[in-house]
Amino acid sequence: MALKATIFKAILNIADLDRGVYLDANLTLARHPSETDLRLIVRLLAWALNAHDDLVFTKGLCADDEPELWLKNLHGGIEHWIDVGLPDERRLKKGCNRSEQVTLYTYAGRAVDLWWQQNQALLNRQDNLRIVDFSEEELAPLVDLAERNMQWQVTISEGQVFINSGDVNLSITPAIRKEWA
């Protein structure tokens, strides 16, 4: 019998001072049986950093032709393709060809540097690709906040992300590896 996804509910209160976005969101995330809490948290952070009423989680790990998140326009075109991890260069190239903007969030420490060395020349050709790295050390305490029902207040200011969950206050500073041209 196949294992089923675990459902997580997240209530996010977003105050993105950098983009001027303020919203409350009730999100439902399905964690694939092979997915770690760390990856789930990175997906949730990716949503928070790109918060928009029309930003949705896709089938993710279950679909090779979809990112983790996307923002589509009224005509069904993809405005923003958002992925996490260390995908194959061809997957990112497909996203760049299908979308106006692509953002990749990485979180695998030293493996990211090795992946970048192998793919840098090809990925630097993609003007609409942005790559953002999360530090494993900064993400570790966030993994402890991965619960079936989460409630976070997220404030983004000057590139820093401040997260409050109950009596826990954390901050992370994503590093930009590659910026949009």
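What you see is a predicted model; the values in this text were computed from it and never measured. Here, residue 1 is the first one in the sequence, and each next residue gets the next number.
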task: Write down the atom of Q160, the atom of S171, and the distance for their closest heavy-atom approach.
output: NE2-OG, 4.3 Å

message: Does this structure show an ion pair linking E35 with R31, if we count only N-O contacts that are shorter than 4.0 Å?
response: no

query: Can you list the steps and then say if V154 with V161 is a side chain to side chain contact (heavy atoms under 4.5 Å, CB included)?
result: CA-CA 7 Å; V154 180; V161 182; 3.8 Å; yes

message: If you define the side chain from C-beta out and look only at heavy atoms, does anything of L40 sit under 4.5 Å from F8?
response: yes

task: Measure across E137 and S135 and return the closest heavy-atom pair with its distance rounded to 0.1 Å.
output: OE1-OG, 2.8 Å

query: Less than 4.0 Å between a side-chain N and a carboxylate O, is that true for D83 and R91?
result: yes

Single-linkage hydrophobic cluster, 4.5 Å side-chain cutoff, V143 and V112 together: no

message: Is there a side-chain contact between E100 and I78 in this structure, where contact means two heavy atoms from C-beta onward sitting under 4.5 Å apart?
response: no

task: Any chance you could measure H32, atom NE2, to L3, atom CG, to the nearest 0.5 Å?
output: 9.0 Å

field: Validation row: Q151, Q153 side chains within 4.5 angstrom (heavy atoms)
entry: yes

query: Which is it for L170 and L145 under the side chain to side chain contact (heavy atoms under 4.5 Å, CB included) test, yes or no, and what are the steps along the way?
result: CA-CA 10 Å; L170 302 168; L145 300 179; 3.9 Å; yes

Pairwise side-chain contact, L27 with W47, heavy-atom cut-off 4.5 Å (strictly under): yes

- request: Kindly say whether G77 contributes a backbone atom to a donor-acceptor pair with the side chain of N73 at under 3.5 angstrom?
  value: yes

Side-chain polar contacts of residues 101-108 - donor-acceptor pairs under 3.5 angstrom, sequence neighbours left out - could you list them?
{"from": "T103", "atom 1": "OG1", "to": "H80", "atom 2": "NE2", "distance (Å)": "2.7"}
{"from": "Y105", "atom 1": "OH", "to": "N50", "atom 2": "ND2", "distance (Å)": "2.7"}
{"from": "T106", "atom 1": "OG1", "to": "D133", "atom 2": "OD1", "distance (Å)": "2.4"}

Connected via hydrophobic side-chain network under 4.5 Å: L71 and L23: yes

- prompt: Rounded to the nearest 0.5 Å, how far does NE2 of H52 lie from CG of D16?
  reply: 12.0 Å

message: Working to the nearest 0.5 angstrom, can you tell me the gap between W116 CH2 and L86 CG?
response: 12.0 Å

task: Determine yes or no for a side-chain-to-main-chain donor-acceptor pair under 3.5 angstrom, with K93 supplying the side chain and D88 the backbone.
output: no

query: Given the rule in the side chain to side chain contact (heavy atoms under 4.5 Å, CB included) test, do R43 and L29 qualify, once you have shown the distances and angles that lead to the verdict?
result: CA-CA 9 Å; R43 288 195 298 132; L29 295 91; 4.3 Å; yes

task: Could you tell me whether R39 and E68 have a side-chain N and a carboxylate O separated by less than 4.0 Å?
output: yes

- prompt: Is there a chain of hydrophobic side chains (I, L, V, M, F, W, Y, each step under 4.5 Å between heavy atoms) that links V132 to L114?
  reply: no

query: Of the non-hydrogen atoms in A5 and A30, which two are nearest, and what is the gap between them?
result: CB-CB, 4.0 Å

field: Shared hydrophobic cluster, Y22 / L12 (ILVMFWY, side-chain heavy atoms < 4.5 Å)
entry: no

task: Mind jotting down which residue pairs meet the salt bridge (charged side-chain N to carboxylate O under 4.0 Å, His left out) criterion with at least one end in residues 158-168? Sequence neighbours excluded, please.
output: none

task: Give the C-alpha distance, both sets of side-chain angles, the deciding distance and a yes or no for side chain to side chain contact (heavy atoms under 4.5 Å, CB included) between I163 and L45.
output: CA-CA 10 Å; I163 299 161; L45 275 173; 3.7 Å; yes

Separation between CG of D24 and CD1 of I14, rounded to the nearest 0.5 Å: 8.5 Å

field: Separation of K9 NZ from I11 CD1 (nearest 0.5 Å)
entry: 9.5 Å

task: Would you check if the side chain of K178 reaches a backbone N or O of L129 as a donor-acceptor pair within less than 3.5 Å?
output: yes

- prompt: Is W70 reaching over with its side chain to a backbone N or O of V56, donor-acceptor style, under 3.5 angstrom?
  reply: no

field: Pairwise side-chain contact, I172 with F162, heavy-atom cut-off 4.5 Å (strictly under)
entry: no

query: Hey, is D113 close enough to R110 for a salt bridge, meaning N to O under 4.0 Å?
result: no

- prompt: Judged by atom type as modelled, is there a donor-acceptor pair below 3.5 Å linking the side chain of N128 to the main-chain atoms of S99?
  reply: yes

query: Under 3.5 Å, is there a donor-acceptor pair between the side chain of R19 and the main chain of A51?
result: yes

field: Atom pair OG/CG of S157 and D18 - distance to nearest 0.5 Å
entry: 5.5 Å

message: Please determine whether residues F134 and L44 belong to a single hydrophobic cluster, defined as Ile, Leu, Val, Met, Phe, Trp and Tyr linked transitively by side-chain heavy-atom distances below 4.5 Å.
response: yes

query: Under 3.5 Å, is there a donor-acceptor pair between the side chain of E66 and the main chain of T58?
result: no

